[in-house]
Amino acid sequence: MSAVTDGVIRVFTWEEGARIEVRNLGGEIVIEANAAGLRTLADHFLTLAEEGTPDGAHLHLEEYNGLEGGSVGLVLERCDDE
């Protein structure tokens, strides 16, 4: 999957067999993943952290679009404002 923000292309890769589930338990969010899913999320964060990635670059993960069924949506976003 690739995303373009301000003309910068970033490629987000998924490790084979990755399973990621996000649950909202009211007072806390739980991200549950197998080893491949954890490596996939780590790679997504590193991609957003790459030099030249603009502020506001983001990736939407949703039920059946990167996340397991029953998951709540998750947005990973770069924000360089302090």
Side-chain angles (χ1 to χ4, degrees):
M1 169 186 310
S2 62
V4 179
T5 305
D6 293 341
V8 176
I9 298 174
R10 291 291 178 246
V11 177
F12 295 92
T13 59
W14 291 86
E15 190 166 310
E16 187 173 338
R19 187 190 59 75
I20 305 166
E21 183 177 346
V22 179
R23 296 188 311 270
N24 181 345
L25 300 182
E28 60 189 8
I29 301 296
V30 175
I31 299 173
E32 179 181 285
N34 62 6
L38 291 171
R39 286 188 295 270
T40 294
L41 284 173
D43 184 59
H44 291 349
F45 283 116
L46 289 171
T47 298
L48 287 169
E50 286 180 9
E51 185 73 29
T53 300
D55 185 55
H58 62 280
L59 175 66
H60 289 263
L61 302 176
E62 300 165 340
E63 181 179 30
Y64 304 117
N65 182 28
L67 301 179
E68 296 292 304
S71 291
V72 296
L74 179 65
V75 178
L76 308 179
E77 183 174 356
R78 180 173 177 147
C79 179
D80 292 322
D81 294 336
E82 294 185 24

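Across all non-hydrogen atoms, the minimal contact from Asp43 to Thr13 is OD2-OG1, 2.8 Å.
Under the side-chain hydrogen bond (donor to acceptor under 3.5 Å, both in side chains) criterion, Thr53 pairs with Arg10, not counting sequence neighbours. With sequence neighbours excluded, no residue forms a side-chain contact (heavy atoms from CB on, under 4.5 Å) with Glu63. Every residue two or more places apart in sequence or in another chain that forms a side-chain hydrogen bond (donor to acceptor under 3.5 Å, both in side chains) with Glu15 is listed here: Arg39. Every residue was checked against the side-chain hydrogen bond (donor to acceptor under 3.5 Å, both in side chains) condition with Glu77, not counting sequence neighbours, and none meets it.
Without hydrogens or angle criteria, Arg78 side chain to Ala57 main chain gives no donor-acceptor distance under 3.5 Å.
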Only pairs under 3.5 Å count here: list side-chain donor-acceptor contacts from residues 17-31, not counting sequence neighbours, and write none if there are none.
residue: Arg23; atom: NH1; partner: Glu32; partner atom: OE1; Å: 3.3
residue: Asn24; atom: OD1; partner: Gly26; partner atom: N; Å: 2.8

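A ring pair (Phe, Tyr, Trp, His ring centres under 6.0 Å) check over residues 15-57, counting only residues at least two apart or in different chains, returns the pairs Phe12-His44, Trp14-His44.
The distance from the CG atom of Leu61 to the CG atom of Leu41 is 7.0 Å, given to the nearest 0.5 Å.
Side-chain contact between Leu74 and Val72 is absent, with no heavy atoms from C-beta onward closer than 4.5 Å.
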